Amino acid sequence: MSYQTQLLSASNSEAALGEDSILSALSTDPESWALFLDIDGTLLDLAETPDAVVVPPSLPANLDTLSRKLGGALALVTGRDVGYAEQLFSPFLFPIAGLHGAERRDPDGRVHKAADTSEFERLKADLVADTANWPGVLIEDKGAAVAAHYRLAPDRKLQLEPLIERALIRAGPNWTIQHGKMVIEIRPARADKGDAVAAFLAQSPFAGRRAIAIGDDVTDEAMFRTVNRLGGYSVRIGPPSPATEALGSVPSAEALRGIIAALVP
Ligand SMILES: O=P(O)(O)OC[C@H]1O[C@H](O[C@H]2O[C@H](CO)[C@@H](O)[C@H](O)[C@H]2O)[C@H](O)[C@@H](O)[C@@H]1O
Ligand SMILES: [Mg+2]
């Protein structure tokens, strides 16, 4: 089955696109749609470490062209911090939500930062110290969030889980645990990706449009639920799976980049 056929196969819901493909919807009726895109594992292939991701040279300009076609109704919704994510697609700037929805830069440029604290700063430093002798474990400091990566040391997951759970107690009720692909994070609890998508959809140029959300991981389920509830369309990167609330699937980030390239000839 081709990826386009798979997109069409989610016909078990009112929210599905029915006879039309995502490609034709976005190309024939771009003023009706808003697009929300996850970054790691969705736009970009996963890499061994957070800094090792490769942005294909044509991708930033293709996203910019697609965004213009959608009247600016394209946003990035990522677990990364906003500053890091933005430099990946430089020189182009898009509306963006970072830290899994907790921070946001609106279409008008207004920034909503997630608050860090001195205690959280000390907690992050202690995580670095506590894992210093665990080869392959990487602690990613994202300001008001922190990620403990074990992709290079999968056996460390069992030790990292209780360490992160104790750190969460120390962080307090304004933070929560976020699981992901070979990573355990502590992120601000105040908003998830679904909340970020809802906030964008309340603003121009997103307001009044049907939403398409595309993601690959546990954190993206929140935005899938939001767009499904609002009559939009959710797409998961990977094989079709009963473990997701996404209505459709695309097999890989590479296939998604192909769809984007086909939309911006
Ligand atoms: O919401 P996303 O844009 O998908 O961000 C989720 C996390 O992505 C990054 O970690 C993941 O990608 C890395 C690079 O491919 C990979 O090495 C790691 O194993 C993955 O978990 C990022 O480093 C995190 O901060 C994001 O939360
Ligand atoms: Mg992802």
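Numbers here are sequence positions counted from 1. What you are looking at is a predicted structure, and each value in this text was computed from that prediction instead of being measured. Counting starts at 1 for both ligands and their atoms, following the listed order.
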Q: Will you find, in the side chains of Glu221 and Thr244, an N or O donor that is under 3.5 Å from an N or O acceptor?
A: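 Side-chain D/A pair, Glu221 to Thr244: present.
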Q: Identify the protein heavy atom lying closest to atom 19 (O) of ligand 1, giving its residue, its atom name and the separation to 0.1 Å.
A: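 It is Arg151 NE, 2.7 Å.
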Q: Return a yes/no value for Val77: is any of its N or O atoms, backbone included, closer than 3.5 angstrom to an N or O of ligand 1?
A: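 Between Val77 and ligand 1, no N or O pair is found under 3.5 Å apart.
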Q: In this structure, which one of Asp216, Asp220, Asp217 forms a salt bridge (Lys or Arg N to Asp or Glu O under 4.0 Å) with Lys193?
A: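 Only one of Asp216, Asp220, Asp217 forms a salt bridge (Lys or Arg N to Asp or Glu O under 4.0 Å) with Lys193, namely Asp220.
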Q: If only atom types and distance count, is the side chain of Arg151 paired as donor or acceptor with the main-chain N or O of Gly136 below 3.5 Å?
A: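 Checked: no pair found.
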Q: Below 4.0 Å from any atom of ligand 1, is there a heavy atom belonging to Arg187?
A: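 No heavy atom of Arg187 comes that close to ligand 1.
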Q: With respect to atom 4 (O) of ligand 1, which of Thr78, Ile237, Asp38, Leu37 exhibits the smallest heavy-atom separation?
A: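 That would be Asp38.
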Q: Hey, is Leu46 touching ligand 1 through its side chain, its backbone, both or neither, going by heavy atoms under 4.0 Å?
A: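 Both parts.
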Q: Out of curiosity, is His100 lining ligand 1, as in a heavy atom under 4.0 Å away?
A: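 Checking ligand 1 against His100, which is what was asked, there is a heavy-atom contact under 4.0 Å.
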Q: Checking the N or O distance criterion of under 3.5 Å, is ligand 1 in contact with Gly79?
A: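 Such a contact does occur with ligand 1.
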Q: Out of all atoms in ligand 1, which are within 4.0 Å of some heavy atom of Val183? Include the element for each.
A: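 In order of numbering, the contacting atoms are 21 (O).
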Q: Would you call the rings of Phe206 and Phe36 parallel, tilted or perpendicular if under 30° counts as parallel and over 60° as perpendicular?
A: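 Taking Phe36 first and then Phe206, their aromatic rings lie parallel (interplane angle under 30°).
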Q: Run Trp134 and Tyr150 through ring pair (Phe, Tyr, Trp, His ring centres under 6.0 Å) and show every step you take.
A: CA-CA 10 Å; Trp134 296 0; Tyr150 53 90; over 10 Å; no
Q: With a cut-off of 4.0 Å, which atoms of ligand 1 are near a heavy atom of Val53?
A: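 Near Val53, meaning under 4.0 Å from one of its heavy atoms, ligand 1 has 14 (C), 15 (O).
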Q: Any sub-3.5 Å donor-acceptor pair from Arg80's side-chain atoms to Pro50's backbone N or O?
A: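 Yes; at least one donor-acceptor contact below 3.5 Å.
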Q: Less than 3.5 Å between some nitrogen or oxygen of Asp220 and one of ligand 1, yes or no?
A: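 Asp220 vs ligand 1: no N/O contact under 3.5 Å.
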Q: Using a 4.0 Å cut-off to any heavy atom of Glu185, which atoms of ligand 1 qualify?
A: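 Here the atoms of ligand 1 in question are 24 (C), 26 (C), 27 (O).
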Q: Nearest heavy atom to atom 18 (C) of ligand 1 wins, so pick from His149, Glu140, Met182.
A: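 Selected option, by shortest heavy-atom distance: His149.
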Q: Can you name the atoms of ligand 1, numbered from 1 with element, that are less than 4.0 Å from a heavy atom of Lys142?
A: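 Near Lys142, meaning under 4.0 Å from one of its heavy atoms, ligand 1 has 24 (C), 25 (O), 26 (C), 27 (O).
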Q: Can you tell if the side chain of Thr219 reaches within under 4.5 Å of the side chain of His100, non-hydrogen atoms only?
A: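 Yes; the side chains approach each other to less than 4.5 Å.
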Q: Answer with side chain, backbone, both or neither: which part of Glu48 has a heavy atom less than 4.0 angstrom from an atom of ligand 1?
A: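 The backbone, only.
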Q: Checking the N or O distance criterion of under 3.5 Å, is ligand 1 in contact with Ile39?
A: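 Yes; the residue has a nitrogen or oxygen that sits under 3.5 Å from a nitrogen or oxygen of the ligand.
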Q: Side-chain contact test, heavy atoms from C-beta onward, threshold under 4.5 Å: evaluate it for Val146 versus Glu185 and give yes or no.
A: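 No; the side chains remain at least 4.5 Å from each other.
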Q: Among all the protein's non-hydrogen atoms, which is closest to atom 8 (O) of ligand 1, and how far away is it?
A: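 For this ligand atom, the closest protein heavy atom is Asp40 OD2, 3.1 Å.
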Q: Under 4.0 Å, heavy atoms only, figure out whether ligand 1 is touched by the backbone of Thr42, its side chain, both or neither.
A: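 No part of Thr42 comes within reach of ligand 1.
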Q: Closer than 3.5 angstrom, by distance alone: can the side chain of Thr226 be matched with the main-chain N or O of Ala198 as a donor-acceptor pair?
A: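 No; judged by distance alone, with no hydrogens or angles, the pair does not exist.
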Q: With a cutoff of 4.0 Å, is Asp217 in contact with ligand 1, counting heavy atoms of the residue only?
A: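 Asp217: no contact with ligand 1 (<4.0 Å).
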Q: Closer than 2.8 Å to the Mg ion (ligand 2): does that hold for any N, O or S atom in Asp40?
A: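 Short answer: yes, at least one N, O or S atom is under the cut-off.
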Q: Give yes if a backbone or side-chain nitrogen or oxygen of Thr219 is under 3.5 Å from a nitrogen or oxygen of ligand 1, and no if not.
A: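 The answer is no, given that Thr219 and ligand 1 share no N or O pair closer than 3.5 Å.
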Q: Do Asp192 and Arg187 touch side chain to side chain, with heavy atoms closer than 4.5 Å?
A: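 A side-chain contact exists here, since the closest heavy-atom pair is under 4.5 Å.
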Q: Show the atoms of ligand 1 that are less than 4.0 angstrom away from any heavy atom in Thr49.
A: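 Within the 4.0 Å cut-off of Thr49, ligand 1 contributes 14 (C), 17 (O).
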Q: Find out whether Leu37 and Leu63 are in side-chain contact, i.e. whether some heavy atom of one side chain is under 4.5 Å from a heavy atom of the other.
A: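 Result yes, sub-4.5 Å side-chain heavy-atom pair found.
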Q: Could you verify whether a donor N or O on one side chain and an acceptor N or O on the other, from Asp106 and Gln203, lie under 3.5 Å apart?
A: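 Side-chain D/A pair, Asp106 to Gln203: present.
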Q: Look at Asp216 and state whether any of its N, O or S atoms is less than 2.8 Å from the Mg ion (ligand 2).
A: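 Under 2.8 Å: Asp216 contacts the Mg ion (ligand 2) through an N, O or S atom.
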Q: Got a sec: does the NZ of Lys113 have more than 12 other heavy atoms crowding it under 6.0 Å?
A: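 Atom NZ in Lys113 is not packed in, count stays at 12 or less.
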Q: Side chains of His179 and Glu161: does their closest heavy-atom pair fall under 4.5 Å?
A: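 His179 reaches Glu161 side chain to side chain.
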Q: Which is closest to atom 16 (C) of ligand 1 in terms of heavy atoms, Ala47, Ala85, Ala253, Pro50?
A: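 Nearest heavy atom to atom 16 (C) of ligand 1 lies in Ala47.
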Q: Which N/O/S atom belongs to Asp38 and is the closest one to the Mg ion (ligand 2)?
A: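 Nearest to the Mg ion (ligand 2) within Asp38's N, O and S set: OD2.
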Q: For Ser67 and Asp64, test the side chains for any donor-to-acceptor distance below 3.5 angstrom and give the result as yes or no.
A: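 There is no such pair between these side chains.
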Q: Using a 4.0 Å cutoff against the non-hydrogen atoms of Lys181, which atoms of ligand 1 qualify?
A: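 Matching atoms, with element in brackets: 18 (C), 19 (O), 20 (C), 21 (O).
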